[in-house]
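Here the structure is a predicted model, which means the values were calculated and not measured.
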Amino acid sequence: MAPALLLVPAALASFILAFGTGVEFVRFTSLRPLLGGIPESGGPDARQGWLAALQDRSILAPLAWDLGLLLLFVGQHSLMAAERVKAWTSRYFGVLQRSLYVACTALALQVYYHVLGLGEPLALKSPRALRLFSHLRHPVCVELLTVLWVVPTLGMDRFLLALLLTLYLGLAHGLDQQDLRYLRAQLQRKLHLLSRPQDGEAE
């Protein structure tokens, strides 16, 4: 029983690492095109710009770094998914084989993210937004609670798990009046933007 209990922290650490890396990757790929000022493609000078970029060593060097980082992730992902490697890791790591695979994948993505040195997307948020995030649970928790509770039958062990996690998520949800005022202001701002006529539409 004791060796099996020792596997729980390792598997949990792997899950946290993978989940955190996924969140960072989604935020980076979602926010960077909006905040990075990327020009629109397809213009008359787009082709000349590409040709000039491919002849500029100051651009080719970062591109080579990006390619190497992507190959690091692709190579690790493919190599550890090979049957021989999976058999070897299963022989030496047992049930932790999958956790090891997920942890190595997360580490490869972390290397890619941090080597780019693009900074933290949340640093661009206002203090009021950061305050809200510190009081608000991630929306994915709603999905977790749905998975835990919406089942045909609920055994005692699953009921205990669902109840404790629901209490944990509920007690850590600490919105106050200042957060609600901020959310109301953001909602009004979005409704105002949506009510404005689009370009080309009649007033």
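Atoms CD and CG, on Gln177 and Asp179 in that order, are 9.5 Å from each other to the nearest 0.5 Å. For the atom pair CG (Leu165) and CG (Leu145), the distance works out to 7.5 Å, reported to the nearest 0.5 Å. How far CG of Leu187 is from OH of Tyr182: 12.0 Å, rounded to the nearest 0.5 Å. Here the CG atom belonging to Leu183 is positioned 9.5 Å from the CZ atom belonging to Arg128, to the nearest 0.5 angstrom. Distance check, rounded to the nearest 0.5 Å: CZ of Arg98 to CZ of Phe93 gives 15.0 Å. Rounding to the nearest 0.5 angstrom, the gap separating the CE atom in Met80 from the OG1 atom in Thr105 is 6.5 Å.
In the hydrophobic clustering of ILVMFWY residues, with side-chain heavy atoms under 4.5 Å counting as a link, Phe159 and Val150 come out apart. Hydrophobic clustering, with ILVMFWY side chains joined whenever heavy atoms are under 4.5 angstrom apart, groups Leu161 together with Tyr168. Cluster membership check: Tyr101 shares its hydrophobic cluster with Tyr92, using side-chain heavy-atom separations under 4.5 Å among Ile, Leu, Val, Met, Phe, Trp and Tyr.
Of the listed residues (Arg84, Lys86, Arg91), just one forms a side chain to side chain contact (heavy atoms under 4.5 Å, CB included) with Trp88, and that residue is Arg91.
The side-chain contact (heavy atoms from CB on, under 4.5 Å) search around Leu79 returns Val85, not counting sequence neighbours. Among residues two or more places apart in sequence or in another chain, the side-chain contact (heavy atoms from CB on, under 4.5 Å) test is passed with Ser78 by Val74. By the salt bridge (Lys or Arg N to Asp or Glu O under 4.0 Å) test, Arg181 pairs with no residue at all, sequence neighbours left out.
Residues Thr153 and Arg158 are not in side-chain contact: their nearest non-hydrogen atoms beyond the backbone lie 4.5 Å or more apart.
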